[in-house]
Trainee: 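The structure under discussion is supplied below as structure tokens; questions concerning it will follow.
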2 protein chains.
Amino acid sequence: MGLSKKDEFTAKQNLLAGYAKALAHPARVAIVEYLSTSQACMCGDIVDVLPLSQSTVSQHLRELKSAGLVKGEIEGTSVCYCLNESGWNEMQSMLGEFLTTMKKCC
Amino acid sequence: MGLSKKDEFTAKQNLLAGYAKALAHPARVAIVEYLSTSQACMCGDIVDVLPLSQSTVSQHLRELKSAGLVKGEIEGTSVCYCLNESGWNEMQSMLGEFLTTMKKCC
DNA sequence: AACATTTATCGTAATATTACGATAAAGAAA
DNA sequence: TTTCTTTATCGTAATATTACGATAAATGTT
């Protein structure tokens with residue numbers, strides 16, 4: 001594959017790509033969906049809801065967290081995950097730019 | 001890796017994941033950025049603007065197109081690419097749901 | 001017709017992602 | 001302390017992505 005070339009793009013382009021990548025798997029979309037609708041941000045419940053093993057869910061949660069879309073707080077023996085509003089706002093505003101600057105064409 | 005498990009998720013979850021995946025690479029973000037700001041949807045210009053080979057750019061364009069975020073019209077010997085507004089609207093409304101239903105927590 | 005230009009596709013190597021089981025780590029409960 | 005519960009991490013195999021050069025396909029030009 002040669003090399004990664006990611007540093008040939010701007011920080012902003014990489015940031016948006018990172019947010020998008022975090023959502024680029026249906027399991028992670030499902031996690032976000034679950035977190036957005038559950039009033040209490042219960043954590044291990046996610047494993048029960050998804051058709052994936054505990055270790056796989058943990059990996060997906062880590063990706064969402066490192067992208068900045070989700071945050072987790074240790075709560076005794078378990079962890080409370082929830083959506084990180086500032087990350088979502090940032091992603092939404094970046095996407096919104098495309099919609100507003102979008103030129104009619106073709 | 002076992003099997004893909006994508007059909008264990010809803011069509012909606014897979015659709016949003018597909019949109020996100022299309023944007024999950026800085027080169028594709030750069031293409032979208034370029035298309036959104038260029039009034040004339042010039043096509044082969046994209047290759048000149050990006051630090052990637054023609055074949056690689058073509059691959060990225062195909063992914064954006066098959067996801068429904070970009071459309072292309074043959075224009076003589078070249079192709080005119082531009083953003084597909086309906087795809088963007090759909091993605092934005094799906095993402096918007098998360099923001100509006102997002103419960104405060106932690 | 002012969003040639004040039006533009007884009008798509010094929011073949012490929014390098015790398016990254018996905019998924020699982022096994023195991024570790026850390027606090028709660030006995 | 002021992003045990004249970006919960007989550008994270010390691011090791012791994014299977015699969016997918018990324019990137020390029022080479023080549024094909026299609027239209028325009030001479």
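Chain naming here is simple, since letters A, B, ... match the order of the sequence lines and numbering starts at 1 in each.
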Trainee: With sugar-phosphate meaning primed atoms plus P, OP1 and OP2, does E75(B) contact a base, only sugar-phosphate, or nothing at under 4.0 Å between heavy atoms?
Mentor: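 E75(B): no heavy atom of the nucleic acid under 4.0 Å.
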Trainee: Rounded to the nearest angstrom, tell me the gap between atom CG in L23(A) and atom P in dT17(C).
Mentor: 15 Å
Trainee: Establish, with yes or no, whether the OP1 or OP2 oxygen of dA8(C) is under 4.0 angstrom from a side-chain nitrogen or oxygen of R62(B).
Mentor: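 So the side-chain polar atoms of R62(B) never come under 4.0 Å of the phosphate oxygens OP1 or OP2 of dA8(C).
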Trainee: Tell me which nucleotide among dA19(C), dT7(C), dT7(D) gets nearest to the side chain of S78(B).
Mentor: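 So the nucleotide nearest the side chain must be dT7(C).
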Trainee: Do the side-chain N or O atoms of S53(A) get closer than 4.0 angstrom to the phosphate oxygens (OP1, OP2) of dC20(C)?
Mentor: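 For dC20(C), OP1 or OP2 has a side-chain N or O of S53(A) closer than 4.0 Å.
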Trainee: Between C1' on dA8(D) and CD on E63(A), what's the gap in Å once rounded to a whole number?
Mentor: 14 Å
Trainee: Looking only at the side chains, is there a donor atom on one of T56(B) and S53(B) sitting less than 3.5 Å from an acceptor on the other?
Mentor: yes
Trainee: How do D45(B) and P51(A) order along DNA chain C: which one's closest nucleotide is nearer the 5' end?
Mentor: D45(B)
Trainee: Taking only the side-chain heavy atoms of Y81(B) (C-beta and beyond), determine which of dT7(D), dT18(C), dA8(C) contains the nearest atom.
Mentor: dA8(C)
Trainee: Which part of the nucleic acid does L52(A) contact within heavy-atom distance under 4.0 Å: base, sugar-phosphate only, or nothing?
Mentor: sugar-phosphate
Trainee: What are the two closest heavy atoms between S36(A) and L83(A), and how far apart are they?
Mentor: CB-CD1, 3.7 Å
Trainee: Looking only at side-chain N and O atoms, does H60(A) come under 4.0 Å of OP1 or OP2 in dA19(C)?
Mentor: yes
Trainee: Sub-3.5 Å donor-acceptor pair from the side chain of R28(B) to the main-chain atoms of A17(A), do we have one?
Mentor: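 The answer is no, because no donor-acceptor pair under 3.5 Å joins these two groups.
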Trainee: Checking all strands, does S58(B) fall into the base, sugar-phosphate, or nothing category for heavy-atom contacts under 4.0 angstrom?
Mentor: base
Trainee: From the set dA19(C), dG21(C), dA19(D), return the single nucleotide nearest to any side-chain atom of K5(B).
Mentor: dA19(C)
Trainee: How many Å lie between CG on L64(B) and C1' on dA8(C), as a whole number?
Mentor: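 After rounding, the gap between these two atoms is 16 Å.
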Trainee: Is there a donor N/O on one and an acceptor N/O on the other, under 3.5 Å, for the side chain of Q59(B) and the base of dA19(D)?
Mentor: yes
Trainee: Whole angstroms only, please: what is the CD-C1' distance between E8(A) and dT18(D)?
Mentor: 14 Å
Trainee: Which value, rounded to the nearest 0.5 Å, describes the distance between L69(A) atom CG and E90(A) atom CD?
Mentor: 9.5 Å
Trainee: Between L61(B) and K21(A), just flag the one whose closest nucleotide in DNA chain C comes earlier from the 5' side.
Mentor: L61(B)
Trainee: If you draw a 6.0 Å radius around CG in L99(B), do more than 12 non-hydrogen atoms from other residues or ligands fall strictly inside?
Mentor: yes
Trainee: Rounded to the nearest angstrom, tell me the gap between atom CD1 in I74(B) and atom C1' in dA26(D).
Mentor: 9 Å
Trainee: Measure CG/D7(B) against C1'/dT18(C) and give the value in whole Å, please.
Mentor: 14 Å
Trainee: Among dG27(C), dC20(D), dA19(C), which nucleotide sits nearest the side chain of T77(A)?
Mentor: dG27(C)
Trainee: Do K12(B) and E97(B) meet the salt-bridge criterion of a basic N to acidic O distance under 4.0 Å?
Mentor: yes
Trainee: So which nucleotide from dA8(C), dA19(D), dT18(C) ends up closest to the side chain of H25(B)?
Mentor: dA19(D)
Trainee: Please give, in whole Å, the distance from dT23(D) P to Q54(B) CD?
Mentor: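 Computing the Q54(B):CD to dT23(D):P distance gives 15 Å.
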Trainee: Return the nearest nucleotide to the side chain of V79(A); candidates are dA8(C), dT7(D), dT9(C).
Mentor: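 Nearest nucleotide to the side chain: dT7(D).
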